[in-house]
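Predicted, not measured: the structure shown is a model, and the values here were computed from it.
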Amino acid sequence: MARDPLRLLRATAQRARAVVPSPFRRHRSHPSPSAPAAAAARLIRRGRPGHPLGLDTSARPRPLVRAAGLAVVTVIGAWMGLLVVGSVHTSIGPMDTRMALRPSFVGGTRINVSPLGALELDSHHAPVRLDVDVDRLDPVRSEALVDHPERLSGLQEEVASDVAHGTLDLAVRSCTAVVFGATALGLAVYRRPRRALAAGGLALSLLAASGAAAYATWNPKSVLEPRYSGLLSSAPSVVGNARSIVTEFDVYQQELARLVTNVTQLYEVTSTLPAYQPDPTTMRVLHISDVHLNPAAWHIVESLVRQYKINVIVDTGDTMDHGTAAENGFLDPVSTLGAPYVWVRGNHDSATTQRHLARRKNVHVVDDGRVVTVGGLRIAGIGDPQFTPDRSVAASGAAAEHRAGERLARAIRAREAAGDPPVDLALAHNPDAARETDGTVPLALAGHVHHRRTEVLPGGTRLMTEGSTGGSGLRAVDDGDPDKVQASVLYLDRDTHRLQAWDEIDLGGLGLSKAEVSRHLPAENAPGATSTPATG
């Protein structure tokens, strides 16, 4: 009997060892009976999403959230990489420049010519913009060009080669920059090499896609229609005048060479900017409208007349606000602006205003289809049939404007039927009236709506609607955003009187000093055009 307790104790120990394995034993591949309980305990501690026993409510990010996070890290890291190390210094002709890619919603190219200002080109549409900063002009190379003008003949090939090498270096440097930036930020955020490398690879893919989009939308002719800002807005000759653009700059490399040459000349003249050099075969017409009693407008017009050597000023009305005789003194400067002044009545201009202007020296009033010849241009116009400040008369609306435009068109056709020379310009204050002249003149000018628009009508007439040269007058203080002061310079062939190009001038409104000039070419004058549409 004494042996029975001992036998029982041994059996109990054996069963205990079977249930609780020794920690010194090697772990077997099959799970022990207690594995499900241990797994459940781990799930409780980790709080796996969706588990009924989970006590921790924080869930792991979903795949879409993780992908979005990776994309944000990639974009920010790539952007930081471009800012820090994504630029190259290269020489373009006699200039030392810095080229860089920058994130952008619209793309394009910006050439900064410090301290003169900048030129912006619609060169491509992609989420990256090319910035070219002119750091300095190399004195040795620039003096060689000035002292030996014959070297300019080879400048085109030199500039093209320099730009090609600089662009290639920039592409390699930008790829390295975005990969480095995205990888470094990914490693700092995730602390996992695999995630960091994924961010770098995604950044490289995004840059390659942006490069493909830029290549697909590349527009080499964008250098023919730049936008100027800063001091360059007062020196449109930086890319030549309208005549030379049409006849000479038919390839991208030629335009780059001319740009480099003129920038060199700008730096050589340190005290003043070079004056605009007018082409003797080109006529320049300054189109203004809707001055609305803003006295600053006359100073702006006078400055533009001097800067652009304007031949004719055309005002499409609303020079006044109420058209009263008390406002007539505001019109005194029109006789001394430096160029002949052609005027058509707007809906804020009264008959009193018209009679006063008709007596002024150097002023030509057009109305009822009458034609005046100013500077060789034959100009017809009709005054606005409505005088809206007169509240005793109900406004007739668009129907009256269309009828006035039809009278103007009939007068132009009757003149041609009589064998008189064709009319070059048709003037009306309201665009609705000007539209009725479609097919009778090559160019019609209007205003009234206080924003600029250019369109070619079905009959071939180009209608150019000007913004407010007076910045909408006192209306500019009605809200927090002052209206721009707008005017346009039209370049016309002296022989055919057809439009060659035009500059759109935008000046900051009240309290602002920003200036911008955009150059535009009609489609028929763009390089590669084979014909000019006729207007019957």
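The backbone N or O of Pro421 sits less than 3.5 Å from a side-chain atom of Arg415, completing a donor-acceptor pair. When atom types are taken as modelled, the side chain of Arg378 and the backbone of Pro422 share a donor-acceptor pair closer than 3.5 angstrom. With hydrogens and angles disregarded, a donor-acceptor distance shorter than 3.5 Å links the side chain of Glu327 to the backbone of Gly323. For Ser350 (side chain) and Thr353 (main-chain N/O), a donor-acceptor pair under 3.5 Å exists by modelled atom type. Checked by atom type and distance alone, the side chain of Ser468 pairs as donor or acceptor with a backbone atom of Asp290 at under 3.5 Å.
Residues Asp432 and His402 have side chains that never bring a donor and an acceptor to within less than 3.5 angstrom of each other. Side-chain contact, Asn362 with Arg360: no donor N or O sits under 3.5 Å from an acceptor N or O. Side-chain contact annotation: Thr440 with Thr437, donor-acceptor N/O pair under 3.5 Å absent. Asp349 and Gln354 share no side-chain donor-acceptor pair at under 3.5 Å. With no hydrogens or angles considered, no side-chain donor-acceptor pair links Asn219 and Ser123 at under 3.5 Å. Residues Asn112 and Asp133 bring a donor and an acceptor atom of their side chains to less than 3.5 Å of each other.
Between Asp384 and Gly346, the shortest heavy-atom distance links the atoms CB-C, 3.6 Å. Across every non-hydrogen atom of Ala433 and Ala428, the tightest pair is CB-CB, 3.9 Å. Closest approach of Gln500 and Leu521 over heavy atoms only: O-CD2, 3.7 Å. In this structure, Phe387 and His322 approach most closely via the heavy-atom pair CZ-O, 3.1 Å. Gln486 and Gly467 make their closest contact through OE1-CA, 3.1 Å (heavy atoms, listed as atom of the first residue, atom of the second, distance). Gly470 and Ala297 make their closest contact through CA-CB, 4.4 Å (heavy atoms, listed as atom of the first residue, atom of the second, distance).
Electrostatic pairing of Glu455 and Arg462 does not count as a salt bridge here, judged by no charged N lying under 4.0 Å from a carboxylate O.
The closest side-chain heavy-atom distance from Thr465 to Val449 is below 4.5 Å. Taking 4.5 Å as the limit, some side-chain heavy atom of Leu304 sits within range of a side-chain heavy atom of Ile505. Residues Leu286 and Val301 form a side-chain contact, since some pair of their non-hydrogen atoms from C-beta on lies under 4.5 Å apart. Residues Trp502 and Val489 have side chains not in contact (no heavy-atom distance under 4.5 Å, counting atoms from C-beta outward). Within the 4.5 Å cutoff, the side chain of Arg370 has no heavy atoms near those of the His364 side chain. In this structure, the side chains of Thr282 and Leu492 stay at 4.5 Å or more apart for every pair of heavy atoms. Between Met99 and Thr90 the shortest side-chain heavy-atom distance falls below 4.5 Å. The shortest side-chain heavy-atom distance between Ile313 and Val305 falls under the 4.5 Å cut-off.
Note: Thr461 OG1 to Arg435 CZ = 11.5 Å, rounded to the nearest 0.5 Å. Atom CG of residue Leu377 and atom CG of residue Leu425 lie 5.5 Å apart, to the nearest 0.5 angstrom. A distance of 8.5 Å separates CE in Met283 from CG in Asp424, rounded to the nearest 0.5 Å. Note that CG of Asp503 and OG of Ser488 are 8.5 Å apart. Values are rounded to the nearest 0.5 Å. Atoms CD1 and CG, from Ile412 and Asp420 in turn, are 12.5 Å apart once rounded to the nearest 0.5 Å. Considering OG of Ser335 and CG of Leu357, their distance stands at 8.5 Å, rounded to 0.5 Å.
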> Under the side-chain contact (heavy atoms from CB on, under 4.5 Å) criterion, do Asp332 and Val334 qualify, and how do the steps go?
Replying inline: CA-CA 6 Å; Asp332 290 345; Val334 299; over 6 Å; no
>> Using salt bridge (Lys or Arg N to Asp or Glu O under 4.0 Å), reason through Glu120 and Arg129 one step at a time and then give a plain yes or no.
In response: CA-CA 10 Å; Glu120 296 183 7; Arg129 184 186 74 220; over 6 Å; no
> Given Asp318 and His292, is the side-chain contact (heavy atoms from CB on, under 4.5 Å) satisfied, shown in steps?
Replying inline: CA-CA 6 Å; Asp318 270 7; His292 283 291; 3.6 Å; yes
>> salt bridge (Lys or Arg N to Asp or Glu O under 4.0 Å), that's the test. Do Asp131 and Arg110 meet it? Break it down for me.
In response: CA-CA 5 Å; Asp131 282 1; Arg110 181 179 177 87; 5.8 Å; no
>> Would Asn430 and Gln386 count as a side-chain contact (heavy atoms from CB on, under 4.5 Å) here? Give the steps.
In response: CA-CA 10 Å; Asn430 195 304; Gln386 306 180 85; 5.5 Å; no
>> Does Glu401 form a salt bridge (Lys or Arg N to Asp or Glu O under 4.0 Å) with Arg403? I'd like the steps, not just the answer.
In response: CA-CA 5 Å; Glu401 303 293 343; Arg403 289 193 296 270; over 6 Å; no
>> Between Val485 and Ile300, is the side-chain contact (heavy atoms from CB on, under 4.5 Å) condition met? List the steps.
In response: CA-CA 9 Å; Val485 173; Ile300 295 171; 3.7 Å; yes
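Between Ile379 and the options Leu427, Leu445, Val371, Val441, a side-chain contact (heavy atoms from CB on, under 4.5 Å) holds for only Leu427. The only option from His429, Glu466, His287, Arg345 that meets the side-chain hydrogen bond (donor to acceptor under 3.5 Å, both in side chains) definition with Thr316 turns out to be His287. Residue Pro522 forms a side-chain contact (heavy atoms from CB on, under 4.5 Å) with just one option from Leu499, Thr454, Leu443, Val456, and that option is Leu499.
By the 30° and 60° cut-offs, the orientation of the rings of Phe330 relative to Trp298 is tilted.
Shown here are the side-chain contact (heavy atoms from CB on, under 4.5 Å) partners of His125, two or more places apart in sequence or in another chain: Thr217. Residues passing the ring-ring contact (aromatic ring centres under 6.0 Å, His included) test with His124: none are found, sequence neighbours excluded.
The local environment of CZ in Arg453 is sparse, with at most 12 non-hydrogen atoms from other residues, nucleotides or ligands closer than 6.0 Å.
Ring centroids of His348 and His448 are separated by 6.0 Å or more, keeping the two rings apart.
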